[in-house]
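As a basis for the values below, the full set of heavy atoms in this structure was taken, side chains included, without hydrogen atoms, waters or symmetry mates. Note that the coordinates shown come from a computational prediction; the quantities given were computed from them, not determined experimentally.
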Amino acid sequence: MADREDCVFQARLAEQADRFEDMRDKVKKIALMDVCLTVEERNLLSIAYKNIVGSRRTAWRVLSGLEMKEKEKDRQESVRICQEQKKKIEEELIDICNDMMTLLDEHLIENSKNDVDSQVFYKKMKGDYYRYLAEFQSTEERQKTAELALKAYEEASHDAQGKLAKTHPVRLGLALNFSVFHYEILNSPEHACRLAKAAFDEAIAELDQLSEESYKDSTLIMQLIRDNLSLWTNDIRDNQEELAVQNVENDS
């Protein structure tokens with residue numbers, strides 16, 4: 001127990017110092033003890049991996065933008081360098097995501113079978129890390145990864161139904177990320193909006209039942225869902241208007 005508490009303390013210190021690899025290593029050590037993580041330990045693990053993978057996702061997007069600009073300028077050598085750097089980041093992302101997936105499949109999900117909250121949380125994470133892989137994969141590989149992500153999100157949704165309150169932050173976080181998956185990976189904005197709106201409306205209807213402990217987390221996620229809904233609805237409307245103009249021009 002002392003070793004476990006020491007790992008948590010060191011993970012908190014690493015988080016404060018923005019040393020997320022160290023933070024990951026400390027909480028991963030607890031996960032490998034084959035115990036059901038506490039909410040704090042679970043969140044520390046999630047924060048560590050999210051920051052490690054997040055910095056690389058951001059770098060990949062930046063390089064993709066630079067690559068496009070260099071292509072427009074027909075600078076082939078610069079394009080090649082951008083592609084090499086992107087490939088390196090993709091390899092790092094694959095390693096990080098596979099590491100997370102192994103931890104989820106072999107330890108975290110297996111050791112929390114009697115904790116619905118954790119089961120939903122971990123299966124959502126599984127969907128998230130497959131989604132991160134799909135973001136940069138080619139068509140055929142992307143489709144296979146997207147199917148695995150969809151399966152994980154659907155399993156998490158099934159576990160959450162009737163077992164977690166509609167205002168529960170884990171259930172709302174699942175709805176948020178699942179809708180993002182539909183919008184960004186499956187290119188299904190209408191489905192994404194339906195899923196997000198349903199989760200938001202259901203939570204609003206039960207807002208008076210929200211515990212003081214969960215209020216801040218739940219309302220923050222609800223705001224993110226509402227922001228996405230607003231953005232996506234505007235995009236859908238703009239696309240419909242653009243299509244209508246094109247149809248008029250084709251008919252004339």
Could you tell me whether the side chains of [X] and [Y] share a donor-acceptor contact shorter than 3.5 Å?
{"X": "Thr145", "Y": "Gln137", "value": "yes"}
{"X": "Thr58", "Y": "Ser55", "value": "no"}
{"X": "Tyr153", "Y": "Arg131", "value": "yes"}

For the pair [X] (side chain) and [Y] (backbone), establish whether a donor and an acceptor sit closer than 3.5 Å, ignoring hydrogens and angles.
{"X": "Arg19", "Y": "Glu15", "result": "no"}
{"X": "Ser218", "Y": "Thr167", "result": "yes"}
{"X": "Asp99", "Y": "Asp95", "result": "no"}
{"X": "Gln119", "Y": "Ile109", "result": "yes"}

>> Would you say that more than 12 heavy atoms from the other residues, nucleotides or ligands in this model lie under 6.0 Å from the CE of Met33, or not?
In response: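 Counting neighbours around CE of Met33, more than 12 heavy atoms of other residues, nucleotides or ligands fall under 6.0 Å, so yes.
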
| message | Atom CZ of residue position Arg61 - does it have more than 12 heavy atoms of other residues, nucleotides or ligands inside 6.0 Å? | response |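 Buried by this count: over 12 neighbours within 6.0 Å.
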
[X] and [Y] ion-paired at < 4.0 Å:
{"X": "Lys26", "Y": "Asp6", "result": "no"}
{"X": "Glu84", "Y": "Arg80", "result": "yes"}
{"X": "Lys29", "Y": "Asp3", "result": "yes"}
{"X": "Glu154", "Y": "Lys151", "result": "no"}
{"X": "Lys71", "Y": "Glu67", "result": "yes"}

Heavy-atom side-chain proximity of [X] to [Y] below 4.5 angstrom:
{"X": "Lys86", "Y": "Ser64", "value": "yes"}
{"X": "Asp235", "Y": "Tyr183", "value": "yes"}
{"X": "Ser118", "Y": "Leu37", "value": "no"}
{"X": "Glu110", "Y": "Asp105", "value": "no"}
{"X": "Trp232", "Y": "Asp227", "value": "no"}

Heavy-atom pair of closest approach, residues [X] and [Y]:
{"X": "Ala199", "Y": "Ala175", "result": "CB-CB, 3.4 Å"}
{"X": "Arg142", "Y": "Ala134", "result": "NH1-O, 2.9 Å"}
{"X": "Ile225", "Y": "Ala196", "result": "CG2-O, 3.5 Å"}

| task | Any salt bridge (Lys or Arg N to Asp or Glu O under 4.0 Å) involving residues 33-43? Give me the pairs, sequence neighbours left out, ordered by first then second residue. | result |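 Residue pairs passing salt bridge (Lys or Arg N to Asp or Glu O under 4.0 Å), neighbours aside: Arg4-Glu41, Arg12-Glu40, Arg42-Asp117.
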
* Among all residues two or more places apart in sequence or in another chain, which pass the side-chain contact (heavy atoms from CB on, under 4.5 Å) test with Ser230? ->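 With sequence neighbours excluded, Ser230 shows a side-chain contact (heavy atoms from CB on, under 4.5 Å) to Asn234, given in chain and number order.
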
Checklist entry - Can you name the residues that form a salt bridge (charged side-chain N to carboxylate O under 4.0 Å, His left out) with Asp217, not counting sequence neighbours? => result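 Salt bridge (charged side-chain N to carboxylate O under 4.0 Å, His left out) list for Asp217, sorted by chain: empty.
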
* Residues that Asp201 engages under salt bridge (charged side-chain N to carboxylate O under 4.0 Å, His left out), provided they are two or more places apart ->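 Testing Asp201 for salt bridge (charged side-chain N to carboxylate O under 4.0 Å, His left out), a comparison that skips the adjacent residues, returns Lys197.
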
Pairwise distance [atom1]([X]) to [atom2]([Y]) - rounded to 0.5 angstrom:
{"X": "Ile30", "Y": "Lys28", "atom1": "CD1", "atom2": "NZ", "value": "13.5 Å"}
{"X": "Leu104", "Y": "Ser112", "atom1": "CG", "atom2": "OG", "value": "9.5 Å"}
{"X": "Arg75", "Y": "Leu66", "atom1": "CZ", "atom2": "CG", "value": "11.5 Å"}
{"X": "Leu229", "Y": "Ser179", "atom1": "CG", "atom2": "OG", "value": "7.5 Å"}
{"X": "Met101", "Y": "Asp128", "atom1": "CE", "atom2": "CG", "value": "9.5 Å"}
{"X": "Leu103", "Y": "Tyr129", "atom1": "CG", "atom2": "OH", "value": "10.5 Å"}

- When Ile, Leu, Val, Met, Phe, Trp and Tyr are grouped by side-chain heavy atoms lying under 4.5 Å apart, directly or through other members, which residues fall in the same group as Leu13?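 Once heavy-atom contacts under 4.5 Å are chained together, Leu13 belongs with Phe9.
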
Original post:
Who passes side chain to side chain donor-acceptor pair (under 3.5 Å) against Arg57, sequence neighbours left out?
Top reply: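 Applying side chain to side chain donor-acceptor pair (under 3.5 Å) to Arg57 gives Glu135.
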
### Task
Any chance you could lay out the side chain to side chain donor-acceptor pair (under 3.5 Å) test for Gln161 and Asp159, step after step, and finish with the verdict?
CA-CA 6 Å; Gln161 289 292 332; Asp159 289 350; over 6 Å; no

